[in-house]
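Single-structure report; data block below.
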Amino acid sequence: MEPVRTHRAKTVVEAARLHRARDRRERGLTLVEGPELLADVIAAGGVAREVFALRPGPGEIGVDEQALRRLAGTKTPRGPVAVVEIPEERLDPSRNLLVAVGVSDPGNVGTMIRTAAAFGWGFAYTEGTADPWSPKTIRSGGAGQFQTPVSRVHGVEALGEWVTVATVVRGGTAPEDVPARPVAVLIGEEAHGLPEDLAAACDFQVTIETPGPTESLNAAVAAGIVVYAFSRGSGEASDPV
């Protein structure tokens with residue numbers, strides 16, 4: 001049997017460095033934690049380089065509890081933890097596109113990716129958005145990053161193959177009144193929304209009408225509502241998800 005690795009073992013230290021965005025970018029690798037999530041990543045075509053587990057199976061690397069905590073980055077880790085290749089980022093112009101603009105919370109970004117994947121949309125993100133490939137974002141995304149095209153973009157000019165739609169708190173049209181497809185729907189941070197110049201540069205602006213007193217919606221919630229509205233209008237959401 002191979003020896004059990006501790007938190008100081010070179011393989012563990014190298015893998016744990018993938019909690020840093022710079023290391024993920026340079027090495028093209030990230031970490032995936034938990035049996036169900038890892039199974040979903042593999043089912044979607046993800047490639048696991050190394051798998052660390054307390055009770056390793058064939059081909060897995062045995063670690064102690066302290067090493068597993070270091071790899072997982074959570075207080076109560078669920079093994080196994082796998083080093084997984086980050087897919088090449090790309091976009092599919094035939095799909096509608098959900099675009100996160102400066103959405104800094106990994107949980108929100110992951111939920112947005114999961115929503116995009118569920119409805120067959122692609123996902124794009126701008127500078128200032130939480131890294132879609134961080135372990136926390138992947139947990140929130142439920143492996144959606146591996147199930148739909150994902151790519152970084154630089155402004156509206158990079159979205160020339162889509163009808164661009166800005167989400168704004170007030171003054172916009174209803175999603176169902178946007179006639180053209182495919183659309184690229186831009187979602188900003190809840191606290192600040194989209195920059196005014198960016199919203200103005202889009203082809204359309206849409207507003208989610210809310211009769212209650214709440215002034216704004218969480219970014220991921222707003223994204224889910226708008227994606228559903230556009231998908232329903234095009235027939236994409238005719239089947240239960």
Side-chain angles (χ1 to χ4, degrees), residues 15 18-19 21 24-25 28-53 60 68-69 71-92 95-101 103-126 129-153 184-185 187 189-190 217-232 236-241:
L18 294 171
H19 285 288
R24 291 193 297 271
R25 287 193 301 269
L29 301 170
T30 188
L31 296 170
V32 173
E33 176 189 354
E36 294 87 2
L37 185 58
L38 179 56
D40 288 342
V41 168
I42 298 301
V47 177
R49 293 272 194 91
E50 297 170 318
V51 180
F52 300 88
E60 297 179 343
L68 189 66
R69 284 196 297 272
L71 290 163
T74 56
K75 292 182 180 179
T76 55
R78 292 190 64 204
V81 176
V83 174
V84 175
E85 295 180 5
I86 295 175
E88 181 179 357
E89 293 199 338
R90 64 183 182 88
L91 291 178
D92 181 354
R95 298 176 184 237
N96 289 329
L97 185 65
L98 183 60
V99 186
V101 179
V103 179
S104 60
D105 180 73
N108 279 337
V109 173
T111 301
M112 292 169 71
I113 293 171
R114 190 170 189 170
T115 299
F119 284 89
W121 288 41
F123 179 81
Y125 63 102
T126 67
T129 297
D131 182 9
W133 304 107
S134 75
K136 185 174 182 180
T137 310
I138 291 173
R139 286 197 300 272
S140 299
Q145 291 88 334
F146 298 85
Q147 298 166 345
T148 196
V150 173
S151 183
R152 182 172 175 172
V153 295
V185 177
I187 304 286
E189 189 86 291
E190 179 182 357
L217 294 171
N218 168 275
V221 172
I225 294 171
V226 174
V227 166
Y228 177 76
F230 274 104
S231 298
R232 186 180 184 186
E236 294 173 15
S238 57
D239 297 324
V241 175

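With salt bridges taken as basic N to acidic carboxylate O contacts below 4.0 Å, none links Glu89 and Arg152. The existence of a salt bridge linking Glu85 and Arg49 is confirmed by a sub-4.0 Å separation between a basic side-chain nitrogen and an acidic carboxylate oxygen.
One distance of note links OH of Tyr125 with OG1 of Thr137; it measures 10.5 Å at 0.5 Å rounding. From Asp105, atom CG reaches atom OG1 of Thr129 across 11.5 Å, with rounding to the nearest 0.5 Å. Distance check: Glu189 CD to Asn218 CG gives 9.0 Å after rounding to the nearest 0.5 Å. In this structure, Glu190 CD and Ser104 OG are separated by 11.0 Å, a value rounded to the nearest 0.5 Å. The distance from atom CD of Gln145 to atom CD1 of Ile86, rounded to the nearest 0.5 Å, is 10.0 Å. We find the CD1-CG distance between Ile113 and Asn108 to be 11.0 Å, quoted to the nearest 0.5 Å.
Of the possible donor and acceptor atoms, none in the side chain of Ser140 sits under 3.5 Å from a partner among the backbone N and O of Thr111. Looking only at distances, no side-chain donor or acceptor of Glu60 sits under 3.5 Å from a matching main-chain atom of Val51.
A pairwise comparison of heavy atoms in Gln147 and Ala117 identifies OE1-CB, 4.0 Å as the closest pair. The two residues Leu97 and Gly122 have their closest heavy-atom pair at CD1-C, 3.4 Å. Closest non-hydrogen pair, Ala72 versus Pro77, comes out as CB-CB, 3.3 Å. Of all heavy-atom pairs spanning Ile138 and Leu31, the tightest one is CD1-O, 4.2 Å. In terms of heavy-atom proximity, Met112 sits nearest to Ala100 at CE-CB, 3.8 Å. Leu38 and Ala82 get closest at one heavy-atom pair: CD1-CB, 3.7 Å.
In this structure, Thr30 and Pro135 have side chains that are in contact, with non-hydrogen atoms separated by less than 4.5 Å. The closest side-chain heavy-atom distance from Val185 to Trp121 is below 4.5 Å. At least one side-chain heavy atom of Trp133 sits less than 4.5 Å from a side-chain heavy atom of Val150. The shortest side-chain heavy-atom distance between Val84 and Phe146 falls under the 4.5 Å cut-off.
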Quiz item: How far apart are the C-alpha atoms of Val83 and Phe52, what are their side-chain angles, what is the distance that settles it, and do they pass the side chain to side chain contact (heavy atoms under 4.5 Å, CB included) test?
Solution: CA-CA 8 Å; Val83 174; Phe52 300 88; 4.0 Å; yes

Quiz item: side chain to side chain contact (heavy atoms under 4.5 Å, CB included) between Leu37 and Arg78: does it pass, once the steps are laid out?
Solution: CA-CA 10 Å; Leu37 185 58; Arg78 292 190 64 204; over 6 Å; no

